[in-house]
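What follows is a single structure, written as structure tokens, with notes after it.
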There are 2 protein chains.
Amino acid sequence: MTESASRTETPKAASGKRTDRARARPNDADGIGLDALVGHAGYAVRRFQIWIFQDFVRTLAAVDIKPTQYSVMTVIGANPGLTQMAVANRLGIERARLVHLLDSLEGRKLVKRIKSKSDRRSHALHLTAQGETSLAKFKRLATEHERHVEEKIGRENREKLLQILSDFT
Amino acid sequence: MTESASRTETPKAASGKRTDRARARPNDADGIGLDALVGHAGYAVRRFQIWIFQDFVRTLAAVDIKPTQYSVMTVIGANPGLTQMAVANRLGIERARLVHLLDSLEGRKLVKRIKSKSDRRSHALHLTAQGETSLAKFKRLATEHERHVEEKIGRENREKLLQILSDFT
DNA sequence: AAAGATTGTTGTTGACGACAACAATTGCTG
DNA sequence: CAGCAATTGTTGTCGTCAACAACAATCTTT
């Protein structure tokens, strides 16, 4: 079917530091074609998402905040008093999962659950004072991470990307 | 800090079919702001990746093939005789994980492992005859999935996206 | 008041990435 | 060429995460 010859393989590859090269960048010219994978948006997006996630984690490692935690705190900070259901729906997180996320954030005194008077089933979510100041720091680091993205794909490419995907935010 | 009022929450939301609306699209005008999240490429990419993954799974549900399986078969089909390590490196999959993927695909008679003569540690990976014809069908369905992406974000936006992320393929 | 829906919670399952350890085999180096 | 290091495939563990299901407490609807 495909035009590539059925070479019986040469497993040893280049020479010694093949590991480094191959792991460094996937699209390295290692002679392995991707065929139909090129042209599939999902594949490129998945690889990019992995890269961007790792850079975020690396950049915010000092404060031990991961993307999901950051998104939760950001939404609560911008909309104090939200229900867990509201946050979960807005961020596309399952409410079952948000429970653990909030347990962790509450344990670190960054977020607090306040029992709602109007609906005794629900909790109103707020940042603690410490949560506010911490979030400000997180945002600075997140901005730095965003600069890494710019350096990786270019400034206008990043903006174009945000524009293309604005429906999904 | 933020300019949004600290409303003590109205958990009941719209009325009855709030579930449908809120789950349907995240960026619905539910009045919940995302603050700094807008402007973060990672968030948009993550949401988009989830959408695209789900559509792929849905579109290929009849043949029970998921994105990773599809990528493995595509690479093997385009490069017969590859080592497991080579496939794992090229696709960014851990070789430990590829073992299970290949076990599954081999169990379905789509892929076969052939012991290499030159290096008795490694296996040369090939599609079976059934694997070839099946992959052709998978590719047709994957193309249909790609059309869904086009309908979602627009033709030229999809191409621009592929171009921007070409370094990651 | 009774039936149904919602909210938060707990638990289970399966997919997945990151590691570590291992046997078999190969490559490298002194 | 003998021995040590590296590679390949494999197995297993751990922690994260999404998708469910079930449950008690609490509204809402009729």
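Within every chain, numbering begins at 1; the chains are lettered A, B, ... in the order of the sequence lines, protein sequences first and strands thereafter. All values below come from the heavy atoms of this structure, side chains included, with hydrogens, waters and symmetry mates left out.
- Applying the side chain to side chain donor-acceptor pair (under 3.5 Å) rule to A/Arg46 yields no partners; only residues at least two apart in sequence or on another chain are considered.
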Evaluate side chain to side chain contact (heavy atoms under 4.5 Å, CB included) for B/Asp103 paired with B/Arg108, printing each intermediate quantity in order.
CA-CA 9 Å; B/Asp103 285 349; B/Arg108 291 169 64 178; over 6 Å; no
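- Between B/Gln54 and D/dA18 there is no side-chain N or O to OP1 or OP2 distance below 4.0 Å.
- For the salt bridge (charged side-chain N to carboxylate O under 4.0 Å, His left out) test, residues two or more places apart in sequence or in another chain that qualify with B/Glu106 are B/Arg113.
- Residues passing the salt bridge (charged side-chain N to carboxylate O under 4.0 Å, His left out) test with B/Arg121 are B/Asp119, sequence neighbours excluded.
- Closest to the side chain of B/Lys66, out of D/dA19, D/dC17, C/dA15, is C/dA15.
- Contact check, A/Gln49 against C/dC16: no side-chain N or O comes under 4.0 Å of OP1 or OP2.
- Contact between the side-chain N/O atoms of A/Arg120 and the OP1/OP2 oxygens of D/dC27 is found at a separation under 4.0 Å.
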Using distance only, find each side-chain donor-acceptor pair of residues 148-156 of chain B under 3.5 Å and give its atom names and separation, not counting sequence neighbours.
unit_1, atom_1, unit_2, atom_2, d
B/His148, ND1, B/Asp55, OD1, 3.1
B/His148, ND1, B/Asp55, OD2, 2.9
B/His148, ND1, B/Thr59, OG1, 3.4

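- A/Arg121 has its CZ atom 17 Å from the P atom of C/dG4, to the nearest Å.
- The CG atom of A/Leu101 sits 12 Å away from the C1' atom of D/dA18 (whole-angstrom rounding).
- Applying the side-chain hydrogen bond (donor to acceptor under 3.5 Å, both in side chains) test to residues at least two apart or on different chains, the pairs with a partner in residues 61-77 of chain B are A/His40-B/Tyr70.
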Which atom pairs link the protein and nucleotides 10-13 of chain D when you take only N or O atoms and keep those under 3.5 Å?
unit_1, atom_1, unit_2, atom_2, d
D/dT10, OP2, B/Gln84, OE1, 3.0
D/dT10, OP2, B/Gln84, NE2, 3.1
D/dT10, OP2, B/Arg113, NH1, 2.7

